[in-house]
Amino acid sequence: MERLKYLNKELQGKSIEDAIAFVVQNIEGKKVFSTSFGIEDQLLTHYMVPYHNQVSVFTLDTGRQFNETYEVFHKTQKKYPSLIIETYFPDEQDVKEYVSVNGINGFYDSIEKRKSCCHIRKVKPLQRAIKGADLWITGLRAEQSQNREEMEFLEWDEVNQLIKFNPLLHYSLKQVEQEVNQFNVPINSLYKKGFLSIGCAPCTRALAEGEDFRAGRWWWENGKKECGLHIHQDKNY
């Protein structure tokens, strides 16, 4: 993927505004931005407003969200009325079958059952949301977890057969917080209560002092913890 190598070189040193403008201009086809209403995605939402006619915005509603997530969703719609945020839900039959077999909170029983729940409530809706897309814009940052440290601004996502763009790749959490405050961007009220990574309510807890960024997600599990939305592959370009 020589084209991505070239584009990644061009992105080095650009401000986030210039980087987004450059990518939108230089990558053809359908472009989508996914938001979970976390602090990173909220900052990117602010930067997406000028591109509301060029980039489609969507979110995944798993059916197990915190009420505080719906509150920040509503505040975001009011602050940025030109942005249409489309919501994708899990398939009703998939959820019914999972609950029938595993129980309403069966994901606590094993990693396999948790991953199955994530697949039904997140991965399959995501696949519908990005179908036909050529570029997927995300709020991933390198410091969020070890398996994200080797990412590039632009990467080929082999699983989903599209280009993934990570404009906040080299941002620190402090930088994100500073810009969110600067632009008065609404954030989830749980964030200031220690919920730095906010997912489904049954699977997310506040962090204790000194804990890793991802420690509050699926806290009863050990090892690398991802839900399957962002699987970083070794670069082949």
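Each residue takes its place number in the sequence, starting with 1. Remember, predicted model here, so these are calculated numbers, not experimental data.
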Is any side-chain heavy atom of [X] less than 4.5 Å from a side-chain heavy atom of [Y]?
X: Leu43; Y: Gln175; answer: no
X: Glu155; Y: Phe165; answer: no
X: Met48; Y: Ile137; answer: yes
X: Val95; Y: Ile120; answer: yes
X: Leu154; Y: Ile27; answer: yes

Can any side-chain N or O of [X] pair as donor or acceptor with the backbone N or O of [Y] at less than 3.5 Å?
X: Asp41; Y: Ser36; result: yes
X: Thr59; Y: Thr35; result: yes
X: Asn166; Y: Thr138; result: no
X: Thr76; Y: Val72; result: yes
X: Gln42; Y: Pro186; result: yes

Going from [atom1] on [X] to [atom2] on [Y], what distance comes out if it is rounded to the nearest 0.5 angstrom?
X: Leu135; Y: Asn26; atom1: CG; atom2: CG; value: 11.0 Å
X: Ile130; Y: Ser56; atom1: CD1; atom2: OG; value: 13.0 Å
X: Leu126; Y: Trp136; atom1: CG; atom2: CH2; value: 4.5 Å
X: Ser110; Y: Asn102; atom1: OG; atom2: CG; value: 7.5 Å
X: His74; Y: Thr69; atom1: NE2; atom2: OG1; value: 14.5 Å

By the ring pair (Phe, Tyr, Trp, His ring centres under 6.0 Å) test, which pairs, at least two apart or in different chains, include something from residues 35-54? Phe37-Phe73, His46-Tyr80, His46-Phe183, Tyr47-Phe183
If two hydrophobic side chains count as joined below 4.5 Å and joins carry through other members, does [X] share a cluster with [Y]?
X: Tyr70; Y: Phe66; result: no
X: Ile111; Y: Tyr108; result: no
X: Phe107; Y: Phe89; result: no
X: Val32; Y: Ile84; result: no

Aromatic Phe213 / basic Arg141 pairing, under 6.0 angstrom, 45° off normal: yes
Would you be so kind as to tabulate the donor-acceptor pairs closer than 3.5 Å made by side chains of residues 190-200, with sequence neighbours excluded?
residue : atom : partner : partner atom : Å
Tyr191  : OH   : Glu177  : OE2          : 2.6
Ser197  : OG   : Arg217  : NH1          : 2.7

Please determine whether a side-chain nitrogen of the Lys or Arg among Asp94 and Lys124 lies less than 4.0 Å from a carboxylate oxygen of the Asp or Glu. yes
Could you tell me if Glu179 and Tyr171 have a donor-acceptor pair between their side chains, going purely by distance under 3.5 Å? yes
Is atom NZ of Lys113 surrounded by more than 12 heavy atoms (other residues, nucleotides or ligands) closer than 6.0 Å? yes
